[in-house]
Amino acid sequence: QVHLVESGGGLVQPGGSLRLSCAASGSIFSIKTMAWYRQAPGKQRELVATITSDGITNYEDSVKGRFTISRDNAKNTVYLQMNSLKPEDTAVYYCNAEVHSTAWTLYNYWGQGTQVTVSS
């Protein structure tokens, strides 16, 4: 089975920065797409950014120019560099991965979430 573990969340002032990490472990042949989602209190979970296995990225409009998603395939890890943070970025951030346990099987996995709080 595959396990995703997020880290790097915390409390930061507006305008500050954080870098989130998510490491995948277990039965992994390869990882197709990795992504970050977030869920704020009273709101639905929303997609923040995605990155394909060959490095193609996509971002939600509100984070363009501020957040950068990247990955290290050798470490099965995805990152989210978050700059110029705003209070409205406050949420639980979840990583997601489409994982091939073998070349013929593809499943979607979620991390446990990490809290990001932007407040003065």
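Positions are given from 1 along the sequence. Keep in mind the model is a prediction, meaning the values are calculated, not measured.
- Residues Ser17 and Asn83 have side chains that bring a donor and an acceptor to within less than 3.5 angstrom of each other.
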(request) Could you walk me through whether Tyr93 and Met82 pass side-chain contact (heavy atoms from CB on, under 4.5 Å), step by step? (result) CA-CA 11 Å; Tyr93 284 71; Met82 309 166 68; 3.5 Å; yes
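- Here the straight-line distance linking atom NZ of Lys75 with atom OG of Ser25 works out to 14.5 Å at 0.5 Å rounding.
- At least one side-chain heavy atom of Thr68 sits less than 4.5 Å from a side-chain heavy atom of Tyr59.
- Note on Tyr94: it does not cluster hydrophobically with Val78, by side-chain heavy-atom contacts below 4.5 Å among ILVMFWY residues.
- In this structure, Thr90 contributes its side chain and Val118 its backbone to a donor-acceptor pair below 3.5 Å.
- Under the 4.5 Å side-chain contact rule for hydrophobic residues, Val12 and Val48 share a cluster.
- Put simply, the side chain of Thr57 does not reach to within 4.5 Å of the side chain of Thr50, judged on heavy atoms.
- Taking the side chain as every heavy atom from C-beta outward, Trp36 and Glu6 approach each other to under 4.5 Å.
- Atom SG of Cys95 and atom CH2 of Trp110 lie 9.0 Å apart (nearest 0.5 Å).
- Side chain to side chain, Arg45 and Tyr37 fail the donor-acceptor criterion of an N or O pair below 3.5 Å.
- The CG atom of Leu20 sits 8.0 Å away from the CZ atom of Phe67 when rounded to the nearest 0.5 Å.
- The shortest side-chain heavy-atom distance between Glu60 and Glu46 falls under the 4.5 Å cut-off.
- Formation of a donor-acceptor pair under 3.5 Å by the His100 side chain with backbone atoms of Thr105 is found in this model.
- Leu85 pairs with exactly one of Thr117, Leu18, Val63 by the side-chain contact (heavy atoms from CB on, under 4.5 Å) rule, that one being Leu18.
- The structure places NE2 of His3 at 11.0 Å from CD1 of Ile28, a figure rounded to the nearest 0.5 Å.
- The minimum heavy-atom distance linking Ala91 with Ala40 is given by the pair CB-N, 3.8 Å.
- Partner Arg71 forms a side-chain contact (heavy atoms from CB on, under 4.5 Å) with one of Ile31, Thr77, Asn76 and no other, that one being Ile31.
- Rounded to the nearest 0.5 Å, atoms CD1 (Ile51) and NZ (Lys32) are 14.5 Å apart.
- In summary, Asp89 and Lys86 do not engage in a salt bridge, as defined by a charged side-chain N under 4.0 Å from a carboxylate O.
- Of all the heavy atoms in Ala49 and Leu80, the pair that sits closest is CB-CD1, 4.4 Å.
- Put simply, the side chain of Tyr109 does not reach to within 4.5 Å of the side chain of Asn96, judged on heavy atoms.
- For the pair Tyr79/Ser21, a side-chain contact is recorded, criterion being any heavy-atom separation below 4.5 Å from C-beta on.
- Between Ser53 and Ser30, the closest side-chain pair of non-hydrogen atoms is not below 4.5 Å.
- For the residue pair Arg66 and Ser84, the shortest heavy atom distance occurs at NH1-O, 3.0 Å.
- Looking only at atom types and distance, the side chain of Thr33 has a donor-acceptor partner in the side chain of Glu98 under 3.5 Å away.
- A heavy-atom distance below 4.5 Å is found between the side chains of Ser101 and Val2.
- To the nearest 0.5 Å, atoms CZ (Arg38) and CD (Gln44) are separated by 14.0 Å.
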